[in-house]
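Following: one structure in structure tokens, then a few remarks.
Each residue takes its place number in the sequence, starting with 1. Order of listing sets the numbers, starting from 1, for every ligand and every atom in it.
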Amino acid sequence: MIVVLDRNISSEKLEVITSELKNFGFDVFQSNTRENITLEITGNNSGFDLRKIKVLEGVIDILGITEQYKLVNKKFKTDKTIIKINNVEIGGEEIIVIAGPCSVESEEQIHKLAKIVKTAGAKILRGGAFKPRTSPYSFQGLGEEALKFLRDAADENQLLMITEIIEPSQFDLIEKYTDIFQVGSRNMYNYPLLKVLSKSQKPVLLKRGMSATIDEWLMSAEYILSGGNPNVILCERGIRTFENYLRFTFDISVIPVVQQKTHLPICSDPSHAVGFSDKIPSMARAAVAANTDLIMIEIHDNPNKALSDGPQSLTPDEFLLLINQLRQIASIIGRKLG
Ligand code: PEP
Ligand code: MN
């Protein structure tokens, strides 16, 4: 339930209401938006007489939320979440580009690609250090060495970095290096991992599970917010459907749906969705036209030799051409890109 308060309420009155609600047995989360101050209350309210809340001085209304997710719900917080890291604003007017290789393969490779990423005007460098591969015989990533290379390459080019965390035990190590944690599609339901990330203030990019419904995905985001971390970016990366011609089916329609249901920024990852580099530019253009907040593209200087996801990696030239097109599309819909 949402308790809507008088926007000019004094901090003393707010404290009284909060402690009353806690006395009633509810957990209380506060949100201040431009329009109002709201308290999201969770806990068992069956049989509870809501008039006890309505009569508290400063309470204007009580709203029921039918969806299970509360804190990620746009009904709870109407302002879009803007995540600021250094001078980058995620979820603001600018569409943020994340680019880099699937895996960090060597120091030389990531430095070379970081320069391309910077030249394109992208803001975030990606690269896997710990790879969740379908086959145990595939390349599993360079581990901590890759984190160091990625951090240096990002710093040298004034970029932010993002890398994937696979299990809770990696938290301290990855936190030392990264600006943003990535939770992969295969881990969207890994609740122990989400709980650990909920205790960090570093942003989390939460990929949609490949067979997850929108509600399941938003509930996973709710785990992170309810633990205390408000900085979540949702990422559509393709879902499994009856159609198997491409790697997955890129669910572009989820962009406006998510923007209607939540205040969180949405990223689109056509690379993992379609899986073939020749189909990625058109899907990236479509995602920008559909008003995505971020776009993630995998690139490689020699895709045929890539240790993972070569077939879906754009070459530097293909990437730079694409970014120019995306910039034009962004301006048509009233946004900026890089
Ligand atoms: C990745 O981004 O490299 C990755 C493994 O993505 P996903 O979890 O979407 O498969
Ligand atoms: Mn990949």
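- Under the 3.5 Å distance criterion, with hydrogens and angles disregarded, no donor-acceptor pair is assigned to the side chains of Ser106 and Glu108.
- For atom 8 (O) of ligand 1, the closest heavy atom belonging to the protein is Ser185 N, 2.8 Å.
- In summary, Lys207 and Glu164 do not engage in a salt bridge, as defined by a charged side-chain N under 4.0 Å from a carboxylate O.
- A salt bridge does not link Lys148 to Asp152: none of the charged side-chain nitrogens sits closer than 4.0 Å to a carboxylate oxygen.
- Salt-bridge formation is not detected for the pair Lys305/Glu105: no Lys NZ or Arg NE/NH1/NH2 atom is positioned less than 4.0 Å from an Asp or Glu carboxylate oxygen.
- Within the 4.0 Å heavy-atom criterion, the part of Glu164 lying near ligand 1 is the side chain and not the backbone.
- Protein heavy atom at the shortest distance from atom 4 (C) of ligand 1 is His272 NE2, 3.4 Å.
- Evaluated for a side-chain hydrogen bond (donor to acceptor under 3.5 Å, both in side chains) with Lys77, the options Thr81, Asn73, Asp79 yield exactly one hit, Thr81.
- Listed by number with element, the atoms of ligand 1 under 4.0 angstrom from any heavy atom of Gly184 are 8 (O).
- The closest protein non-hydrogen atom to atom 9 (O) of ligand 1 is Arg237 NE, 2.7 Å.
- A salt bridge between Lys80 and Asp293 is present, with a side-chain N of the basic residue lying under 4.0 Å from a carboxylate O of the acidic one.
- Looking at ligand 1, you won't find any N or O of Asp269 less than 3.5 Å from one of its N or O atoms.
- Closest protein heavy atom to atom 6 (O) of ligand 1: Lys207 NZ, 2.9 Å.
- The proximity of Glu298 to ligand 1, defined as any non-hydrogen pair under 4.0 Å, is limited to the side chain.
- Ion pair Asp309/Arg247 flagged as a salt bridge, since at least one NZ, NE, NH1 or NH2 atom sits closer than 4.0 Å to an Asp/Glu carboxylate oxygen.
- The minimum distance between the Mn ion (ligand 2) and any N, O or S atom of Asp309 involves atom OD2.
- What you find for Ala120 and Leu320 is that their closest heavy atoms are CB-CD2, 3.6 Å.
- Seen from the Mn ion (ligand 2), atom SG on Cys102 and atom OE2 on Glu298 lie at an angle near 100° (rounded to 10 degrees).
- The shortest N or O to N or O distance between Asp309 and ligand 1 is not below 3.5 Å.
- Taking the six-membered ring where the residue is Trp, the centroids of Phe76 and Phe29 are separated by 6.0 Å or more.
- Under a 4.0 Å heavy-atom criterion, Met296 is not in contact with ligand 1.
- Heavy-atom separations between Gln182 and ligand 1 include at least one value shorter than 4.0 Å.
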